[in-house]
Engineer: 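Sharing a structure with you now.
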Amino acid sequence: MDLKAVRTFVTVADSGQFQEAAAVLAVTQQAVSKRIAALEKELGVRLFTRTARGAGLTADGRTFLPHARELLLAEERATASVRPRRRALRVDVIGARLAPAALLRGFHEAHPDIALDVVTLFDVDSALTALRSGTIDASFRAVAMPGRPLPRGVEAARVYDEPVQLLTGPGHALAGHRSVTPGQLAGHRIWMPGIVEGTEWAAYYASLAAEFGLTIDSRGANFTGAVQDAVAGSDTLATLVTERLRLTWPAGHDLRRIPLVDPTPVYPHCLLWSAADPHPALAALRTHLAEVWSLRAAAGTWTPSWACVASSVRDAPEPS
């Protein structure tokens with residue numbers, strides 16, 4: 001099986017768009033389409049449904065996705081086994097448009113001499129498997145989820161608290177507010193189809209809903225742009241987004257990003273790494289993130305009680 005095509009499939013699945021996958025892979029959109037077509041021909045099934053809004057996984061695509069990730073992890077393990085000291089620092093950022101990717105860009109700008117290999121793993125189990133096998137050196141996650149203690153030998157420290165905001169269309173009852181409290185959202189329908197059961201972000205938003213009496217609807221397909229389109233044209237529908245999530249929408253949508261205050265819910269991004277990882281650049285990443293953490297004020301915020309403790313990354317033991 002062509003692993004380049006498999007990697008392209010995973011990138012499209014993660015981004016939801018052929019065009020965005022092409023940008024991530026630094027190839028043309030035509031090349032992405034050809035690779036997916038070749039993979040579908042080899043497997044004898046359709047992997048995506050294509051619409052004007054993006055690419056959604058078919059049932060066969062969803063079945064194939066975890067196995068595709070395992071294929072790529074096996075390739076990474078094979079490569080790392082023969083050049084563990086010369087390879088780039090490999091870091092999982094969950095998604096290219098999320099805050100961890102921005103944090104890693106900041107690290108790259110501060111340390112341009114350190115080679116980086118950025119990967120996007122979907123769930124915490126995949127990330128932990130990759131950490132323990134040495135396939136990746138670090139991962140950004142929201143830990144520890146209830147009932148999911150970290151495996152022996154995996155360290156974690158909170159590195160960034162990202163504020164959560166309300167996203168509404170111009171006709172929504174709260175659209176004219178400069179800020180709203182979490183309690184004011186009670187009774188409003190909040191649509192978040194990107195929530196997947198068993199993930200750390202599902203655990204976070206479940207805790208948020210329980211704490212403030214919110215109604216979060218996670219039903220429906222999560223096509224790129226679908227939530228923005230629905231929210232823009234509704235006077236009753238809203239969604240929640242994190243502060244540094246990169247979103248784009250047509251100018252006519254006139255969407256509003258409204259801060260949440262008193263308290264401000266924050267998403268607790270943590271860095272995970274293996275205590276036995278020998279990569280020489282790992283300590284530099286942890287030190288850089290500790291400096292970012294020191295810039296964040298924790299007063300007046302809320303996060304689940306199960307979130308990773310806010311200790312300095314530099315307090316953790318150095319890799320042996």
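What you see below is based on every heavy atom in this structure, not just the backbone, and it leaves out hydrogens, waters and symmetry mates.
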Engineer: Hey, is the main chain of Leu131 close enough, under 3.5 Å, to the side chain of Thr135 for a donor-acceptor pair?
Structural biologist: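 Absent.
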Engineer: Give a yes or no on whether a salt bridge exists between Glu20 and Arg97, defined as a side-chain N under 4.0 angstrom from a carboxylate O.
Structural biologist: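 Answer for the salt bridge query: yes.
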Engineer: Taking the six-membered ring for Trp and the single ring otherwise, decide whether the centroids of Phe140 and Tyr160 are under 6.0 Å apart.
Structural biologist: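 No.
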Engineer: Counting only heavy atoms not in Glu42, do more than 12 sit closer than 6.0 Å to its CD atom?
Structural biologist: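 More than 12 within 6.0 Å, yes.
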Engineer: Check whether any side-chain heavy atom of Arg158 sits under 4.5 Å from a side-chain heavy atom of Thr303, and report yes or no.
Structural biologist: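 Contact flag for Arg158/Thr303 side chains = yes.
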Engineer: Hey, is the main chain of Gly106 close enough, under 3.5 Å, to the side chain of Glu109 for a donor-acceptor pair?
Structural biologist: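 It does not hold such a pair.
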Engineer: Are Leu116 and Val24 joined in one hydrophobic group, where the rule is that I, L, V, M, F, W and Y side chains link up if heavy atoms are under 4.5 Å apart?
Structural biologist: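 Different clusters.
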Engineer: Is the distance from the ring center of Phe212 to that of Trp302 below 6.0 Å?
Structural biologist: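 For Phe212 and Trp302, the ring centres are under 6.0 Å apart.
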Engineer: Would you say the side chain of Thr11 lies within less than 4.5 Å of the side chain of Phe9, judging by non-hydrogen atoms?
Structural biologist: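 Contact flag for Phe9/Thr11 side chains = no.
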Engineer: I need the single residue from Ile195, Leu185, Leu167 that forms a side chain to side chain contact (heavy atoms under 4.5 Å, CB included) with Leu240. Which is it?
Structural biologist: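 Considering Ile195, Leu185, Leu167, a side chain to side chain contact (heavy atoms under 4.5 Å, CB included) with Leu240 is found only for Leu185.
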Engineer: Does atom NE2 of His108 have more than 12 heavy-atom neighbours from other groups under 6.0 Å away?
Structural biologist: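 No - once you tally the heavy atoms of other residues, nucleotides and ligands closer than 6.0 Å, there are 12 at most.
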Engineer: Looking only at non-hydrogen atoms, find the nearest pair between Ala238 and Thr168 and report the distance.
Structural biologist: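 Of all heavy-atom pairs spanning Ala238 and Thr168, the closest is CB-CG2, 4.0 Å.
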Engineer: Any heavy-atom pair between the side chains of Leu65 and Val10 that's under 4.5 Å?
Structural biologist: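 They are in side-chain contact.
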Engineer: If you round to the nearest 0.5 Å, how far is OG1 of Thr239 from CG of Leu255?
Structural biologist: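 Result: 10.5 Å between the selected atoms.
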Engineer: Report yes if the side chains of Leu98 and Arg244 come closer than 4.5 Å at any heavy-atom pair, otherwise no.
Structural biologist: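 They are not in side-chain contact.
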Engineer: Nearest 0.5 angstrom please: Arg189 CZ to Thr236 OG1, how far?
Structural biologist: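 OG1 of Thr236 is found 7.0 Å from CZ of Arg189.
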Engineer: In Å and rounded to the nearest 0.5 Å, what is the SG to CG distance from Cys270 to Leu289?
Structural biologist: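 So the gap between those two atoms works out to 11.0 Å.
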Engineer: List the steps, then state whether side-chain contact (heavy atoms from CB on, under 4.5 Å) holds for Val241 with Val164.
Structural biologist: CA-CA 6 Å; Val241 296; Val164 174; over 6 Å; no
Engineer: Considering only heavy atoms from C-beta outward, does the side chain of Pro263 approach that of Pro182 to under 4.5 Å?
Structural biologist: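 Yes, at least one pair of side-chain atoms sits under 4.5 Å.
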Engineer: Search all heavy atoms of Leu245 against all heavy atoms of Glu162 and return the closest pair with its distance.
Structural biologist: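 Taking every non-hydrogen atom into account, N-OE2, 3.7 Å.
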Engineer: If you look at every heavy atom in Pro268 and Ala307, which pair is closest and at what distance?
Structural biologist: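 That closest heavy-atom pairing would be CG-CB, 3.6 Å.
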Engineer: Do the side chains of Asp123 and Arg141 get close enough for a salt bridge, i.e. N-O under 4.0 angstrom?
Structural biologist: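 Not counted as a salt bridge, because no side-chain N and carboxylate O are separated by less than 4.0 Å.
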Engineer: When hydrophobic residues are tied together by side-chain contacts of less than 4.5 Å, even through go-betweens, does Leu214 share a cluster with Leu166?
Structural biologist: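 Both belong to a single hydrophobic cluster.
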Engineer: Between Leu282 and Arg286, is there a side-chain heavy-atom distance shorter than 4.5 Å?
Structural biologist: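 Answer yes - side chains close enough.
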Engineer: Hey, what do you get for OG (Ser139) to CD1 (Ile94), rounding to the nearest 0.5 Å?
Structural biologist: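 These two atoms lie 6.0 Å from each other.
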Engineer: Just by distance, do the side chain of Thr264 and the backbone of Leu260 share a donor-acceptor pair under 3.5 Å?
Structural biologist: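 Checking the backbone N and O of Leu260 against the side chain of Thr264, a donor-acceptor pair under 3.5 Å is found.
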Engineer: Rounded to the nearest 0.5 Å, what separates atom CZ in Arg62 from atom CG in Leu57?
Structural biologist: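 CG of Leu57 is found 7.0 Å from CZ of Arg62.
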Engineer: Is it possible for you to say whether Leu174 and Leu208 belong to one hydrophobic cluster, with membership spreading through side-chain heavy-atom contacts below 4.5 Å?
Structural biologist: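 Same hydrophobic cluster.
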Engineer: Do you know the tightest heavy-atom contact between Glu40 and Leu47?
Structural biologist: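 Residues Glu40 and Leu47, closest heavy atoms: OE2-N, 2.8 Å.
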Engineer: Any side-chain to backbone donor/acceptor pair from Thr199 onto Val196? Under 3.5 Å, distance only.
Structural biologist: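 A pair under 3.5 Å: yes.
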Engineer: Among Leu285, Ile136, Val118, Leu103, which one satisfies side chain to side chain contact (heavy atoms under 4.5 Å, CB included) with Val91?
Structural biologist: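 Single pass found, and it is Leu285.
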Engineer: Under 4.0 Å between a side-chain nitrogen and a carboxylate oxygen: does that hold for Arg256 and Asp254?
Structural biologist: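 Looking at Asp254 together with Arg256, the answer is yes, because their closest N to O distance falls below 4.0 Å.
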Engineer: Are the side chain of Thr49 and the backbone N or O of Gly56 linked by a donor-acceptor pair below 3.5 Å?
Structural biologist: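 Looks like yes, one N/O pair under 3.5 Å.
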Engineer: Would you kindly confirm whether Ile190 and Val261 end up in one hydrophobic cluster when ILVMFWY residues are joined by side chain heavy atoms under 4.5 Å apart?
Structural biologist: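 Ile190 does not cluster with Val261.
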Engineer: Assess the residue pair His253 and Asp229 against the criterion (side-chain contact (heavy atoms from CB on, under 4.5 Å)); give the C-alpha distance rounded to whole Å, side-chain angles, the decisive distance to 0.1 Å, and a yes or no.
Structural biologist: CA-CA 7 Å; His253 278 15; Asp229 291 345; 2.8 Å; yes
Engineer: Just do the salt bridge (charged side-chain N to carboxylate O under 4.0 Å, His left out) check on Arg7 and Asp2 with the steps written out, would you?
Structural biologist: CA-CA 9 Å; Arg7 180 172 289 103; Asp2 183 1; over 6 Å; no
Engineer: Is there a donor-acceptor contact under 3.5 Å from the side chain of Thr287 to the main chain of Ala284?
Structural biologist: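 No; zero donor-acceptor contacts below 3.5 Å.
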Engineer: What's the spacing between Ser274 OG and His279 NE2 if we round to 0.5 Å?
Structural biologist: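 These two atoms lie 13.0 Å from each other.
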Engineer: Tell me whether the count of non-hydrogen atoms from other residues, nucleotides or ligands lying under 6.0 Å of CZ in Arg132 goes above 12.
Structural biologist: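 Counting other residues, nucleotides and ligands, CZ of Arg132 stays at 12 neighbours or fewer.
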Engineer: Check step by step if side-chain contact (heavy atoms from CB on, under 4.5 Å) holds for Phe64 and Leu39.
Structural biologist: CA-CA 11 Å; Phe64 180 62; Leu39 185 59; 4.1 Å; yes
Engineer: Do Val119 and Arg90 make a side-chain contact, defined as non-hydrogen atoms from C-beta onward lying under 4.5 Å apart?
Structural biologist: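 In contact.
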Engineer: Charged N to carboxylate O below 4.0 Å: is that the case for Asp217 and Arg219?
Structural biologist: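 Salt bridge present between Asp217 and Arg219.
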Engineer: Taking it one step at a time, do Asp137 and Trp273 satisfy side-chain contact (heavy atoms from CB on, under 4.5 Å)?
Structural biologist: CA-CA 6 Å; Asp137 300 295; Trp273 69 93; over 6 Å; no
Engineer: Please give me the minimum heavy-atom distance between Leu25 and Arg35, naming the atom from each residue.
Structural biologist: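 In this case the closest contact between Leu25 and Arg35 is CD1-NH1, 4.3 Å.
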Engineer: Taking the side chain as every heavy atom from C-beta outward, state whether Leu71 and Met1 have any atom pair closer than 4.5 Å.
Structural biologist: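 Leu71 vs Met1: side chains touch.
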Engineer: So, for Arg257 and Thr242, which heavy atoms are closest and what is the spacing to 0.1 Å?
Structural biologist: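 Looking at all heavy atoms of both residues, the closest pair is NH2-O, 2.7 Å.
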